Amino acid sequence: MMNTKLYKSVLNLAGELMNAAQQQDQVTFDSLYGQLKALCIEHENTEKDHPVQWETLADFTDEFADALLIYEKALAKATAINAKDYMSSIGYAMATMHVELGQTEAAIASLQAAQVSANKIPDKALKAEIAQLLQQLQQN
């Protein structure tokens, strides 16, 4: 279970990051990103550490290779607490990064793992996205 105060902080920062990105305000975006990264580092390996903070940080990381490293950390944390919903969404996000980097085999592996985790979650839309991208990559 994630600390409620931390969850609200991450959610608030994510919303503000989205606004800054939409307004193409790089200075504000960079400042907010720094705050989110500091929050992640502050709580890393404590009882407040949670995959959602790392997944959110990765979501807003511009460089795909850097984002993948953060997603890997998020996935390890999700796996450690057996959080199937996060394992699925992180796996899907990682797959999309691999696709962007031209790493089809890695994308397929991420999707296959995400699909296994997704069998245990109620999010039908995420299950469908995983299946669709996996099918698309396997046909190429």
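Residue numbers run from 1 in the order of the sequence given. Just so it is clear, the structure is predicted and the values come from calculations on it, not from any experiment.
For the pair Tyr33 and Leu13, the minimum side-chain heavy-atom distance is 4.5 Å or more. Between Ile81 and Tyr86 there is no side-chain heavy-atom pair separated by less than 4.5 Å. When side chains are defined from C-beta on, Ile90 counts as touching Met94, because their heavy atoms get closer than 4.5 Å.
Pairs passing the side chain to side chain donor-acceptor pair (under 3.5 Å) check and including a residue from residues 115-131, sequence neighbours excluded, read Tyr92-Glu129.
The side-chain hydrogen bond (donor to acceptor under 3.5 Å, both in side chains) check on Asp62 picks up nothing, with sequence neighbours excluded. Partners of Asp25 according to the side-chain hydrogen bond (donor to acceptor under 3.5 Å, both in side chains) rule, which considers only residues two or more places apart in sequence or in another chain, are Thr28. By the side-chain hydrogen bond (donor to acceptor under 3.5 Å, both in side chains) test, Lys84 is found to be paired with Asn82, residues two or more places apart in sequence or in another chain being considered.
For the residue pair Gln26 and Asp30, a side-chain donor N or O sits within less than 3.5 Å of a side-chain acceptor on the partner.
Thr46 approaches His43 most closely through the heavy-atom pair OG1-O, 2.7 Å. For the pair Lys48 and Leu6, the tightest heavy-atom approach, listed with the atom from each and the gap, is O-CD2, 3.1 Å. In terms of heavy atoms, Gln53 sits closest to Leu36 at O-CD1, 4.5 Å. Across Phe60 and Phe29, no two heavy atoms sit closer than the pair O-CZ, 3.4 Å. Residues Thr61 and Leu57 come closest through the heavy atom pair OG1-O, 2.7 Å.
Placement of Leu133 and Leu126 within a single hydrophobic cluster is found when ILVMFWY residues are connected by side-chain heavy-atom separations under 4.5 Å, directly or transitively. Linking ILVMFWY residues whenever their side-chain heavy atoms come closer than 4.5 Å, directly or via other members, places Met18 and Trp54 in the same cluster. Under a hydrophobic-cluster definition in which Ile, Leu, Val, Met, Phe, Trp and Tyr are linked whenever side-chain heavy atoms come within less than 4.5 Å, directly or via other members, Leu137 and Phe64 are assigned to different clusters.
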For residues 66-77, which side-chain N or O atoms pair as donor and acceptor with protein atoms under 3.5 Å away, sequence neighbours left out?
{"unit_1": "Tyr71", "atom_1": "OH", "unit_2": "Asp59", "atom_2": "OD1", "d": "2.4"}
{"unit_1": "Lys73", "atom_1": "NZ", "unit_2": "Glu44", "atom_2": "OE2", "d": "2.8"}
{"unit_1": "Lys77", "atom_1": "NZ", "unit_2": "Asp49", "atom_2": "OD2", "d": "2.6"}

Sequence neighbours excluded and cut-off under 3.5 Å, please list the side-chain donor-acceptor pairs for residues 97-113, or say none.
{"unit_1": "His98", "atom_1": "ND1", "unit_2": "Gln103", "atom_2": "OE1", "d": "2.6"}
{"unit_1": "Ser110", "atom_1": "OG", "unit_2": "Ala106", "atom_2": "O", "d": "3.3"}

